[in-house]
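Computed from heavy atoms alone, side chains included, the values below leave out hydrogens, waters and symmetry copies.
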Amino acid sequence: MSDTPRRTGSCLCGGVHFVVTGQPTRVGLCHCKDCRKAGGSVYSAFAIFPRDAYEASGEVASYGTRSFCPTCGSRVAWVDDTEVEVMLGSLDVAPTDLVPAYELWIGRRETWLHALPGTEQFEHDRPRSEDADPPAPRPLSDAVAHD
């Protein structure tokens, strides 16, 4: 039996299913206008995996690089040639071990939301130079304040 994590997810109606294998290269939150509009929420929580760690089944439609279920409209993933962005809320089992290490577009963060403790804060997108050596996902124990 393999120790490699395997996470499953789907759209709301179950017409699209996906699997991501292994650990994500990074986990974050985004407050940008596109994420807000695409998800209908004030921010998006996501994990980035290598493209080859992602498999999907079912019919998807797309808007740019974002894919969604044409039946229920649920976002499925953002996919490019090298990476896939999976929304944490689309995973079948709550990913409590995946803790964001950074926040994007913090200038658009709602005033009643506070910075996630211990995360890197970016005014806009992460600089591309950091993509070569992204921060490792933080274990849950790092995100919990200790007295």
Side-chain angles (χ1 to χ4, degrees), residues 1-110 112-116 118-140 142-143:
M1 186 165 136
S2 174
D3 288 337
T4 303
R6 182 177 183 274
R7 301 171 196 271
T8 61
S10 66
C11 65
L12 179 62
C13 73
V16 178
H17 291 271
F18 67 87
V19 174
V20 285
T21 306
Q23 291 294 345
T25 56
R26 59 190 187 274
V27 178
L29 300 178
C30 185
H31 303 275
C32 80
K33 181 180 175 184
D34 287 356
C35 285
R36 293 165 67 105
K37 294 285 187 178
S41 185
V42 296
Y43 65 89
S44 293
F46 57 88
I48 305 292
F49 291 86
R51 174 64 183 93
D52 60 359
Y54 174 80
E55 294 177 33
S57 62
E59 181 183 348
V60 295
S62 64
Y63 179 77
T65 54
R66 296 177 193 268
S67 60
F68 60 93
C69 173
T71 302
C72 67
S74 298
R75 280 181 66 184
V76 179
W78 172 92
V79 181
D80 75 7
D81 293 337
T82 60
E83 296 181 319
V84 61
E85 175 187 275
V86 171
M87 306 312 295
L88 296 183
S90 67
L91 295 170
D92 292 332
V93 176
T96 57
D97 62 318
L98 300 182
V99 179
Y102 62 96
E103 288 188 71
L104 303 173
W105 289 85
I106 60 170
R108 293 191 56 89
R109 181 174 45 222
E110 296 293 334
W112 43 265
L113 286 173
H114 302 287
L116 196 59
T119 61
E120 285 187 273
Q121 303 290 303
F122 296 95
E123 192 62 36
H124 300 290
D125 290 328
R126 290 172 65 248
R128 293 301 293 175
S129 63
E130 289 186 28
D131 287 350
D133 190 22
R138 294 184 311 142
L140 185 57
D142 288 354

Asker: Measuring from Trp105:CH2 to Asp34:CG, what's the distance to the nearest 0.5 Å?
Answerer: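 Reported value, rounded in 0.5 Å steps: 8.5 Å.
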Asker: Would a distance-only check, ignoring hydrogens and angles, find a side-chain to backbone donor-acceptor pair under 3.5 Å from Glu103 to His31?
Answerer: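 A pair under 3.5 Å: no.
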Asker: Around atom CD of Glu59, are there more than 12 heavy atoms from other residues, nucleotides or ligands closer than 6.0 Å?
Answerer: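 Open.
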Asker: For residues Asp80 and Trp78, report the shortest heavy-atom separation together with the two atoms involved.
Answerer: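 Heavy atoms of Asp80 and Trp78 come nearest at OD2-CH2, 3.3 Å.
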Asker: If I take atom CD1 from residue Ile106 and atom CG from residue Leu116, how far apart are they, to the nearest 0.5 angstrom?
Answerer: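 Spacing of CD1 (Ile106) from CG (Leu116) equals 12.0 Å.
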Asker: As a quick check of understanding, evaluate side-chain contact (heavy atoms from CB on, under 4.5 Å) for Arg51 and Asp81, giving each step before the final call.
Answerer: CA-CA 7 Å; Arg51 174 64 183 93; Asp81 293 337; over 6 Å; no
Asker: Checking the side chain of Ser67 only, and the main-chain atoms of Ala77 only, is there a donor and an acceptor separated by less than 3.5 Å?
Answerer: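 Yes, Ser67 side chain to Ala77 backbone: donor-acceptor pair under 3.5 Å.
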Asker: If we only count heavy atoms from C-beta on, is the Arg7 to Asp92 side-chain gap below 4.5 Å?
Answerer: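 Of all side-chain heavy-atom pairs linking Asp92 with Arg7, none is under 4.5 Å.
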Asker: Supply the atom-to-atom distance Arg75 CZ to Ser44 OG, rounded to the nearest 0.5 angstrom.
Answerer: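 That separation rounds to 5.0 Å.
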Asker: Examine distances only and state if a side-chain atom of Ser74 and a backbone atom of Cys69 form a donor-acceptor pair shorter than 3.5 Å.
Answerer: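 No; zero donor-acceptor contacts below 3.5 Å.
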Asker: How long is the straight-line distance from CZ of Arg109 back to CD of Gln121, given to the nearest 0.5 Å?
Answerer: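 Output value for this atom pair is 5.0 Å.
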Asker: Check whether any side-chain heavy atom of Thr8 lies under 4.5 Å from a side-chain heavy atom of Val19, and answer yes or no.
Answerer: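 With C-beta onward as the side chain, the pair touches.
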Asker: Under the 3.5 angstrom rule, does the side chain of Arg36 hit a backbone N or O of Arg108 as a donor-acceptor pair?
Answerer: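 Side chain of Arg36 to backbone of Arg108, a donor-acceptor pair under 3.5 Å: yes, one is there.
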Asker: Flag the pair Pro50 / Thr25 as yes when at least one side-chain heavy-atom distance between them is below 4.5 Å, and no otherwise.
Answerer: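 In contact.
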Asker: Check the orientation of Phe18 and Tyr54. Use parallel for under 30°, tilted for 30 to 60°, and perpendicular for over 60°.
Answerer: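 Tilted.
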Asker: Atom CG in Leu104, atom CZ in Phe46: separation rounded to 0.5 Å?
Answerer: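 One gets 5.0 Å once the value is rounded to the nearest 0.5 Å.
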Asker: Of all the heavy-atom pairs spanning Pro127 and Phe122, show the shortest one and how long it is.
Answerer: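 It is CD-CE2, 3.5 Å.
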Asker: Hey, does the Lys NZ or Arg CZ of Arg126 hover above the aromatic six-ring of Tyr102, less than 6.0 Å from the centre and inside 45° of the axis?
Answerer: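 Yes, a cation-pi geometry holds between Arg126 and Tyr102.
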Asker: Check Arg6 with Glu55, please: is the shortest side-chain N to carboxylate O separation under 4.0 Å?
Answerer: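 Looking at Glu55 and Arg6, the cut-off is not met.
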Asker: If I compare all heavy atoms of Arg66 with all of Ala38, which pair ends up nearest, and what's the gap?
Answerer: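 Between these two residues, the closest heavy atoms are NH1-CB, 4.0 Å.
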Asker: Return the minimal non-hydrogen interatomic distance between Pro100 and Gly28, and the atom names on each side.
Answerer: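 Here Pro100 and Gly28 meet closest at CB-CA, 4.0 Å.
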Asker: Let me confirm one number: the CE-OG distance from Met87 to Ser41, rounded to the nearest 0.5 Å.
Answerer: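 Going from the CE atom of Met87 to the OG atom of Ser41 covers 9.0 Å.
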